[in-house]
Undergrad: 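Got a structure for you, written out below as structure tokens; questions coming shortly.
Only this structure's heavy atoms are used, side chains among them; waters, hydrogens and symmetry mates stay out. Naming convention: chains lettered A, B, ... in sequence-line order (proteins, then strands); numbering from 1 in each chain.
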Number of protein chains: 2
Amino acid sequence: MDDTLRDKPGYLLRRAASAATAELAGKLDHLGLRQVDASVLILIDSNPLSTASAIGRTLDIQRANMVPLLKRLEDAGWVERSPIDGKSQGLNLTPAGSAKLAEAMAVIESFEASLLARIPAEHRDHLLPALHALWNGG
Amino acid sequence: MDDTLRDKPGYLLRRAASAATAELAGKLDHLGLRQVDASVLILIDSNPLSTASAIGRTLDIQRANMVPLLKRLEDAGWVERSPIDGKSQGLNLTPAGSAKLAEAMAVIESFEASLLARIPAEHRDHLLPALHALWNGG
DNA sequence: CCGGATTGTTATAGGATATAACTATCAAAC
DNA sequence: GTTTGATAGTTATATCCTATAACAATCCGG
């Protein structure tokens, strides 16, 4: 089948992202994590005491959708909340959460490395700058 | 907020793709098209008389999900079916479908060009090969 | 102190995708 | 030529993800 879409950057971008997404999701699944869970754990870890709203803003997740997500992470014993003031609550990793994050990071780092390894050397270093331009240039 | 994810290729890939996807979806919306509709129209155009199954296989769309999709395109008067044999039916664009595709192509081409234009010149030519390696290297 | 913005939350709707099952048909081996 | 396995199209359904609207409580700047 003649796939004329194959060389359109937008289409290729979507397909490459969805292939990578599916692959990583499979690896994280073994840890009982979704990608979005891992992203949230990472952000909480590097930004202790930040709020659900702030995390959501960074990851483009609606406030409303953070609720079930955080509930899951809290129920799993990975995240805990501490009141900042009357309306905000700071998020933090529990020890179990830090341990789970460490596992996740190992998986993610090796995945990211394997992604880069697939790219021919002469193109490799150009990917990040190009993607960055695409993400922010819109 | 410290976003340590910002420089992970996998994450960047996903964010860049989703930004691009959202942008193109907005532009195609004015034509009454979703991206997947446009993709299907493009493939039918360059592969006349191909079957729903074959189109779906190329685009990674389940047979079952092709049904409502094609029904929409057919109801809109853009696609028609002609029996190939007792169980297969070939897809073709109607004149209205070709016209709609022409409109869509104008939007898409300009979008793709604008995507590339956002990438600094020294990185631009490396994106397609890199994405191609990512898509197929898995 | 007041008014507008923000936080967390509930409920709900929509879209996209995956799975299972079924019929009818084709194709190839025997 | 008949049986058997694969394929096409379809229906129905489940699930997940995301978007929207509304609400109460609270914060903050003027």
Undergrad: Whole-Å distance between C:dG8 P and A:Gln89 CD?
TA: 5 Å
Undergrad: Are A:Arg14 and A:Ser18 close enough that a side-chain donor and a side-chain acceptor fall under 3.5 Å?
TA: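 No, no side-chain donor-acceptor pair sits under 3.5 Å.
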Undergrad: Between the side chains of A:Glu23 and A:Arg118, is the shortest nitrogen-to-carboxylate-oxygen separation below 4.0 Å, so that they form an ion pair?
TA: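 Yes, A:Arg118 and A:Glu23 are salt-bridged.
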Undergrad: Nearest whole Å is fine: how far is D:dG9 P from B:Glu74 CD?
TA: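 After rounding, the reported distance stands at 12 Å.
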Undergrad: Of B:Leu41, B:Ile61, B:Leu28, B:Asn65, which meets side chain to side chain contact (heavy atoms under 4.5 Å, CB included) against B:Val36?
TA: B:Ile61
Undergrad: Salt bridge or not for A:Asp37 and A:Lys100, using N-O below 4.0 Å?
TA: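 Salt bridge between A:Asp37 and A:Lys100, a charged N being under 4.0 Å from a carboxylate O: no.
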Undergrad: Any chance the side chains of A:Arg57 and A:Ser53 put a donor and an acceptor closer than 3.5 Å?
TA: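 No - no donor-acceptor pair under 3.5 Å links their side chains.
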Undergrad: Using atom CD1 of A:Ile55 as one end and atom P of C:dT7 as the other, report the distance to the nearest whole Å.
TA: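 In whole Å, C:dT7 P and A:Ile55 CD1 are 12 Å from each other.
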Undergrad: Side chains of B:Leu59 and A:Tyr11, heavy atoms from C-beta outward: is any pair under 4.5 Å?
TA: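 Result yes, sub-4.5 Å side-chain heavy-atom pair found.
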Undergrad: Decide, yes or no, whether a salt bridge links B:Asp29 with B:Arg34 under the criterion of side-chain N to carboxylate O below 4.0 Å.
TA: no
Undergrad: Between the two ends of the helix from C:dC1-D:dG30 to C:dC30-D:dG1, what is the bend in degrees, rounded to 10 degrees, where each end axis spans five pairs?
TA: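 The angle separating the two end axes equals 30°.
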Undergrad: Could you check how far CG of B:Asp85 sits from C1' of C:dT25, rounded to whole Å?
TA: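 Taking atom C1' of C:dT25 as the reference, CG of B:Asp85 is at 7 Å.
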Undergrad: My understanding is that only one of B:Arg124, B:Glu122, B:His126 makes a side chain to side chain donor-acceptor pair (under 3.5 Å) with A:His126; could you say which?
TA: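 Only one option passes, and that is B:His126.
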Undergrad: Give the rounded distance in Å between these two atoms: CG of A:Leu59 and P of D:dT18.
TA: 11 Å
Undergrad: Do B:Leu70 and B:Val40 have side-chain heavy atoms sitting under 4.5 Å apart?
TA: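 B:Leu70 vs B:Val40: side chains touch.
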Undergrad: For C:dG8, does OP1 or OP2 lie under 4.0 Å from any side-chain N or O of A:Ser53?
TA: yes
Undergrad: Select from A:Arg81 and A:Lys87 the residue whose nearest nucleotide in DNA chain C is closer to the 5' end of that strand.
TA: A:Lys87
Undergrad: What integer distance in Å separates A:Leu69:CG from C:dT9:C1'?
TA: 15 Å
Undergrad: Reading nucleotides 10-22 of chain C 5' to 3', which nucleotides get B (base under 4.0 Å from a protein heavy atom), which S (sugar-phosphate only), which -?
TA: BB----SBBBB--
